[in-house]
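Here the structure comes first, spelled out in structure tokens, and everything after it is commentary.
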Number of protein chains: 2
Amino acid sequence: MSRSTPSGRRASGSVTLSDVAKLAGVSPITVSRVLNRPELVTADTIGIVRDAIARTGYVPNLLAGGLASRRSRLVAAIFPTIANSMFAETMEALADRLGEAGYQVLLGLSGYPAAREDDLLEAILSRRPDGILLTGIIHSPGTRQRLLAAKVPVVEIWDFTPTPIDMLVGFSHEKAGAAVADHLHAKGYRRFAMIEADDDRAALRRRGFLSASARRGVTGVPVITVPAPGLLRTGREAMARLLERSPLDGFQRPDAVFCSSDALAQGVLAEVQSRGMDLPGDIAVMGFGDLDFAAHTFPALSTVRIDRRAIGTLAADALLARMDGLSGAGPSAGGGVIDIGFEVIERAST
Amino acid sequence: MSRSTPSGRRASGSVTLSDVAKLAGVSPITVSRVLNRPELVTADTIGIVRDAIARTGYVPNLLAGGLASRRSRLVAAIFPTIANSMFAETMEALADRLGEAGYQVLLGLSGYPAAREDDLLEAILSRRPDGILLTGIIHSPGTRQRLLAAKVPVVEIWDFTPTPIDMLVGFSHEKAGAAVADHLHAKGYRRFAMIEADDDRAALRRRGFLSASARRGVTGVPVITVPAPGLLRTGREAMARLLERSPLDGFQRPDAVFCSSDALAQGVLAEVQSRGMDLPGDIAVMGFGDLDFAAHTFPALSTVRIDRRAIGTLAADALLARMDGLSGAGPSAGGGVIDIGFEVIERAST
DNA sequence: ACGCCTCATGATAGCGCTATCATGATCGGA
DNA sequence: TCCGATCATGATAGCGCTATCATGAGGCGT
């Protein structure tokens, strides 16, 4: 029964839309409509076609569909890493929301130094995604250019800039850092220190933290920078260094440490406890992110809450609005900027 | 200069391979070869074509390429979640290795009850991935069937079965559970308890743990099950329940608790410390996974080390061997099974 | 009963790329 | 010097689907 291969290319062997059409006794385009725009087809025909689809085990080919329709139903998401739950949850929320809407997510990991940013973007653009999500702000002007040229809806997340490429869902890291300084000051602490991971957003938080500290009269704040992403281990090591260093410098020991992530703060907790020091009596600790564990460490960790899932969900919504609104020039086109804010959470560690 | 649209479909406006060919003064197929099989083209021609590509800003269209070549250069990876670093690292290792080889990763999140497994798979198959990675064992026979029918290389990971769909990279969770029981017994503990997340693999570890315990004469082991994925919070709550329950039951308080993940164990640590109990003097704790923090908690956490990145890398290699070996019937076809094993790590908490 | 509109379905023509086979140029050995 | 082998490049024909326009059947007001 095998049909002879007509010419060059060998037959794929897999069921195609035409096979379904033949079995159902309709034209291929009708099958296509049943799958994509069923409202254009009568209920009877839909039944017949669905039946044929089930019988043949047909699985649509989105490569072909995407090529013909110029819509890939793919959204690319670029994160520096997902190995810390900071971004993982945003990614999950994004994937959930987009999944409901029939889109899938292509994951791009840029790594922290963002070295491969440009190559990665090229690889991604070659899939013709209908939308792109970027974590943080793109720096290479070439990359920015490419993105603009591709005319794809873009959301930048987790950061804030008045001049996004297109759309943005984020919050001000500088303000968050400043709010932490204000909080610590209000609680009566006067000798701050900071442990931060070496990434751009942490640097912004540092900047906000330091200038607000200075405004409150707290200066000479020691800062220890560790490689990104910040981990419990590196936080603990940094804290050990801090505690050992201070007396030698003639500094007094800090009475409050702001960590650029909850993971780092957890390390600080461990180091302080291992030395038998009292927390927050001897030293207060503040994290950032309000990861799920923050409320339940011992002692519970004061931190800054970011609604990480909301970032993903809102970013998905922003993209969907543009993608479903037909081509690029949809109604809500032209860069919405959403500030989701943050919230300082006071717990036992301060 | 705008060419008039020849017939129905409007021109895309974006640069195509033909445009590049025209500018370079060669045929389209030559441009294609420069990009995909440069060894077939002379250096001169490559130079000319590369130049034209740069000048036009051409970005290949992989939808079209994939359709024509029947290779999407896409690998789909299905995980229950990536919001705990257990899988996130495996995913990163996978993406890294595949990225080097020119493949990209489509992320599918099945959620823990694996409810949407079937829908998700359908959506994924419609992209015609060149390979599929599945976390855990597929249960629905329909899904298994579909997968077989698609004739795509498949790797299952993080689990172990003598009858994988195709290839497998994992380890025996039962043996790991048993090894923990042996370790605790060897250290002199005699009253075990277990806190486990409600997922299949944790259940296997429990089974191994309980039967090895019984072999050692430790019976009546209380088990508390919490929703997956296990978190610090749920671990802490479970431990609180355990400590409060034991006396009422007439049980003695356990002297060692095995947690099905490090995150749960961290919660146990917090709960034990918050009660001022001594660890491991009053109670020993054992985790699972050896996440980056395990070695640096206070006290450091005994656990079972799984080389999570190796799982990703080896899975990628397994897929690559099949995918690059042309079609399905490559040399290494027919299901390799790799057991990456595990290692019991003894630290201060036991 | 007629023309006009709406609606369901179909025919046609690509989307942008690559597999396959064909062609002409170059080369070396006898 | 001639012939077949080798190499670089090209012409052709789709991959499987959908946008677009066309068509015919039915509905309805007058």
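Atoms considered below: every heavy atom in the structure, side chains included; atoms not considered: hydrogens, waters and symmetry mates. Below, chains carry the letters A, B, ... as their sequence lines are ordered, and counting in each starts from 1.
- Straight-line distance from the CG atom of B/Leu63 to the C1' atom of D/dT18: 13 Å, rounded to whole Å.
- Side chains of B/Ser126 and A/Val59 form a contact here, defined as non-hydrogen atoms less than 4.5 Å apart.
- Atom CG in B/Leu40 sits roughly 10 Å away from atom P in D/dT9 (whole-Å rounding).
- Of the candidates C/dC17, D/dC17, D/dT9, the closest approach to any side-chain atom of B/Val41 belongs to D/dT9.
- A/Arg71 places its CZ atom 12 Å from the P atom of D/dT18, with the value rounded to the nearest Å.
- As a whole-Å value, the separation of A/Glu39 CD from C/dT6 C1' is 16 Å.
- Applying the 4.0 Å criterion to OP1 and OP2 of C/dG16, one finds that A/Arg70 has a side-chain N or O inside that range.
- The shortest side-chain heavy-atom distance between B/Leu17 and B/Pro60 does not fall under the 4.5 Å cut-off.
- If you check C/dG14, D/dT9, D/dG14 against the side chain of B/Ala68, the one that comes closest is D/dG14.
- Between A/Trp158 and A/Phe87, the gap from one ring centroid to the other is short of 6.0 Å.
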Result block: side-chain N/O donor-acceptor pairs under 3.5 angstrom for residues 44-58 of chain B, not counting sequence neighbours:
unit_1  : atom_1 : unit_2  : atom_2 : d
B/Thr45 : OG1    : B/Thr42 : OG1    : 2.7
B/Asp51 : OD2    : B/Arg55 : NH2    : 2.9
B/Thr56 : OG1    : B/Ala52 : O      : 2.8
B/Thr56 : OG1    : B/Ile53 : O      : 3.1
B/Thr56 : OG1    : B/Tyr58 : N      : 3.4

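- Sequence order on DNA chain C of the closest nucleotides to B/Ser18 and A/Thr42 puts A/Thr42 first from the 5' end.
- When rounded to the nearest whole Å, the span between CG of A/Leu62 and C1' of C/dC15 equals 14 Å.
- Contacts with DNA chain C (heavy atom under 4.0 Å) in residues 45-55 of chain B: none are found.
- Between A/Pro129 and A/Val75 the shortest side-chain heavy-atom distance does not fall below 4.5 Å.
- A/Leu125 places its CG atom 16 Å from the P atom of C/dG16, with the value rounded to the nearest Å.
- Listed by chain and number, the residues in a salt bridge (Lys or Arg N to Asp or Glu O under 4.0 Å) with B/Glu89 are B/Arg308 (sequence neighbours excluded).
- Remark: P of C/dC7 and CG of A/Asp44 are 18 Å apart, rounded to the nearest angstrom.
- For residues 17-40 of chain A, no pair satisfies ring-ring contact (aromatic ring centres under 6.0 Å, His included), with sequence neighbours left out.
- When rounded to the nearest whole Å, the span between CG of B/Asn36 and C1' of C/dA19 equals 12 Å.
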Which pairs would a plain distance check flag for residues 93-105 of chain B, meaning a side-chain donor or acceptor within less than 3.5 Å of a matching protein atom at least two apart in sequence or in another chain?
unit_1   : atom_1 : unit_2   : atom_2 : d
B/Asp96  : OD2    : B/Arg309 : NH2    : 3.2
B/Arg97  : NE     : B/Asp317 : OD1    : 2.8
B/Arg97  : NH2    : B/Asp317 : OD2    : 3.2
B/Tyr103 : OH     : B/Arg71  : NH2    : 2.8
B/Tyr103 : OH     : B/Asp324 : OD1    : 3.0
B/Gln104 : OE1    : A/Arg127 : NE     : 3.1
B/Gln104 : OE1    : A/Arg127 : NH2    : 3.4

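- The CZ atom of B/Arg128 sits 10.0 Å away from atom CG of B/Leu67, with the distance rounded to the nearest 0.5 Å.
- Within residues 26-35 of chain A, the residues approached by DNA chain D to less than 4.0 Å at the level of any non-hydrogen atom are A/Ile29, A/Ser32, in residue-number order.
- Distances shown here put every side-chain N or O of A/Asn61 at or beyond 4.0 Å from the OP1 or OP2 atom of D/dC15.
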